[in-house]
Amino acid sequence: MLEALLVMALGSVILGGALGYASVKFRVEGDPLVEKIDAILPQTQCGQCGFPGCKPYAEAIARGEADINCCPPGGEDGIHKLADLLGREFKPLSGEHGIEKPKSIAVIDEQTCIGCTLCIQACPVDAIVGAAKQMHTVIASQCTGCELCLAPCPVNCIAMVPIPETIDNWKWKYPVFDVRKAA
Amino acid sequence: MRQLFSFTGGVKPASHKIESNRGVVIVAPLPNVLVVPLRQNAGLPSRPLVQAGDKVLKGQTIAGPGGSISVAIHAPTSGTVRGIETHAIPHPSGLLAPCVVIEADGEDRWIDRKPIDPYALPADELRARLRDAGVVGLGGAAFPSFVKTQHGPTQRIDTLIVNGAECEPFITCDDLLMRTQAGQILEGAAVLAHIAGAQRVVVGIEDNKPEAVAAMTAAAGKRSGLPVEVIAVPTRYPAGGEKQLIRVLTGIEVPFGKLPPDYGVQCFNVATAYATARALLHGEPMISRLVTVTGNVERPGNFEVRIGMPIADLVALAGPKADTDRNLMGGPMMGFALPTLDAPVVKATNCILAASKALFPPPGPEMPCIRCGACARACPMDLQPFEMYWFSRAKILGKAQEYHLFDCIECGCCAYVCPSRIPLVDYYRFAKSEIRAREKEKDAADVARLRYEFRLEREERDKQEKAAKLAAKAAETKARLAEAGDADDKKAMIAAAVARTQEQKAEENPSAE
């Protein structure tokens with residue numbers, strides 16, 4: 001009886017020590033789940049989800065405080081990916097956070113721009129160049145289409161322009177065929 | 001006699017070469033207006049160097065290389081530049097793209113041509129000349145040739161393979177070129193071998209082109225120096241695929257992620273070798289090529305066509321029949337239907353195939369896959385087409401990629417043998433372009449994340465710097481006050497500060513006084 005207790009006690013001490021050592025030695029900094037969620041989010045930093053950026057939204061999802069269907073730029077595709085990652089049920093995009101729009105970029109009407117720099121301060125990815133009382137312009141390749149520059153503009157000179165289809169971004173279409181004809 | 005090897009799979013469709021390979025090369029008349037697209041090679045489009053109203057001579061550079069994988073483009077004839085316009089180009093999308101439009105003056109006057117002795121110049125200089133002469137691979141992909149003659153530190157090129165297999169049905173432009181210009185092709189191949197540092201040249205030609213084999217063998221016999229072998233390879237589609245031809249001639253199987261120079265070989269099309277000879281030995285840049293016009297036309301044949309000639313004009317030369325319902329660029333296996341005949345001939349145009357319901361009966365309805373495995377037996381790349389099809393169709397792209405979707409050369413053998421008539425290649429093309437687009441999006445998102453994080457960091461840093469500055473100033477004042485000691489000095493300092501403030505106010509708002 002005593003022997004058995006001692007053996008079990010010894011075993012738990014050794015295993016406990018090993019686990020304690022491993023938890024210090026192989027400690028993971030940060031939450032890897034947040035990183036994985038953040039990798040799926042589109043990084044527009046638009047705040048439409050109600051959080052100030054994609055990372056805070058990812059953190060909220062990881063903590064279980066936010067739903068997975070609050071990101072309009074990510075679209076249905078993004079929700080599917082999040083559902084797969086988190087083992088949750090797919091939900092359609094919640095309407096209160098906005099609707100999925102074609103990918104667009106901001107374009108500043110340079111004739112109307114008064115050079116107030118408000119849009120430069122609003123841009124989360126520093127994609128607008130300009131200086132006080134100088135014309136501003138959007139670096140098209142860096143613009144995420146978050147629309148955060150629209151509201152601060154006092155002269156409404158910023159418009160969202162959908163990205164046109166060109167030879168460079170053209171994609172082969174999904175093959176479609178008529179099922180009824182086949183029957 | 002060289003021992004030949006074999007690749008797995010492949011099909012033997014009716015070759016239909018006889019219609020267009022009789023007779024001679026017909027020189028197409030000079031069109032009045034030529035449309036030269038700025039995007040003609042794989043890689044980056046070229047950068048225009050001319051503007052509206054400029055007079056250009058035949059062979060003058062009108063666009064320079066737009067990046068490290070890009071080549072120059074030249075005026076196909078002398079005339080005036082009408083402008084850089086968006087125009088239809090031969091592309092499955094039918095989208096418009098920027099083109100240099102040239103109105104021909106009819107004189108067809110050459111720019112001063114400067115032939116060089118390639119064996120007296122260093123390889124880097126020759127590569128630059130190939131790039132500036134606009135030489136790209138003419139087998140179909142239009143990949144800049146000068147890039148292919150380079151090899152990395154761990155690579156070497158000792159065998160240069162010249163690809164004259166021309167395995168795709170209907171197309172005979174390489175056949176005619178080999179019959180008429182065998183000597184020049186071998187001259188060009190020798191120059192390419194010299195640039196790449198290759199020790200020997202092997203020409204592979206499918207054995208359904210005996211005249212071409214005879215012409216090339218005769219031309220090889222007249223040469224001395226670099227050993228040149230002309231080999232007839234068994235006719236089986238796609239023997240002209242780069243990896244397939246390398247396998248047949250050398251037994252080397254180039255695996256995924258590796259390039260032929262990793263195994264000491266490099267492959268060029270016969271027309272590319274010919275263009276190299278014209279460019280370096282004659283100083284003539286790449287401004288024309290042979291194009292087969294065949295299929296549902298009265299007079300199928302091969303035409304020497306200037307780059308930029310409208311395809312409609314070219315088809316008209318062959319006498320199109322009334323019941324033509326679409327025109328393909330390329331052959332029936334790998335070609336695509338041209339959305340419009342307004343598009344011009346480009347460097348990659350090897351064949352215009354007029355199709356009709358009689359020539360290509362519309363395929364029956366697509367049926368479900370029965371997993372018979374016929375596609376897997378036909379695949380020359382040893383892939384599992386039906387698995388790739390399932391995953392592409394279900395849009396499970398990661399899985400499709402695991403089945404080596406990007407190894408697929410889109411040769412169409414699987415769709416050709418499919419008893420359910422599934423357009424398999426369409427699914428692969430869809431999946432490939434979707435995966436590429438997603439990767440691009442992901443890269444853009446990564447950049448956006450970095451920029452956002454940097455911005456947050458910068459804002460935080462600014463805040464801290466500001467706080468540090470304020471703290472430093474407060475500390476300084478405190479120290480001065482402590483130093484001042486007695487009450488009178490303190491009072492004097494406060495009075496001075498009040499006076500300063502009032503002075504500032506007065507300056508800002510003089511009317512208040």
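Heavy atoms only: backbone and side chains are in, while hydrogens, waters and symmetry mates are out. Sequence lines set the chain letters: A, B, ... in the order given, protein chains first and strands last, and positions in each chain run from 1.
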| Checking A/K173 against B/F430: charged group under 6.0 Å from the ring centre and within 45 degrees of the axis? | no

Under 4.5 Å from a heavy atom of chain B, the part of [X] involved:
X: A/T166; value: backbone
X: A/P42; value: backbone
X: A/C123; value: backbone

Tell me, for [X] versus chain A, whether the close heavy atoms (under 4.5 Å) come from the side chain, the backbone, both or neither.
X: B/R39; result: side chain
X: B/K432; result: neither
X: B/P45; result: neither
X: B/I89; result: side chain

| task | Give a yes or no on whether a salt bridge exists between B/R455 and A/D126, defined as a side-chain N under 4.0 angstrom from a carboxylate O. | result | yes

| task | Would you mind listing every salt bridge (Lys or Arg N to Asp or Glu O under 4.0 Å) that reaches into residues 73-86 of chain A, with sequence neighbours excluded? | result | A/D77-B/R438

| message | Give the interface residues of residues 401-423 of chain B toward chain A, defined by a heavy-atom separation under 4.5 Å. | response | none

| field | Sequence-distant partners of A/N69, side-chain hydrogen bond (donor to acceptor under 3.5 Å, both in side chains), two or more places apart | value | none

| Residues in side-chain hydrogen bond (donor to acceptor under 3.5 Å, both in side chains) contact with A/E59, at least two apart in sequence or another chain |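 If we apply the side-chain hydrogen bond (donor to acceptor under 3.5 Å, both in side chains) test to A/E59, skipping adjacent residues, there are no hits.
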
| Heavy-atom pair of closest approach, residues B/Y452 and A/P52 | OH-O, 2.9 Å

| task | Heavy-atom pairs under 4.5 Å with chain A are the metric here; pick the option from B/E441, B/K442, B/R436, B/R458 that has the most. | result | B/R458

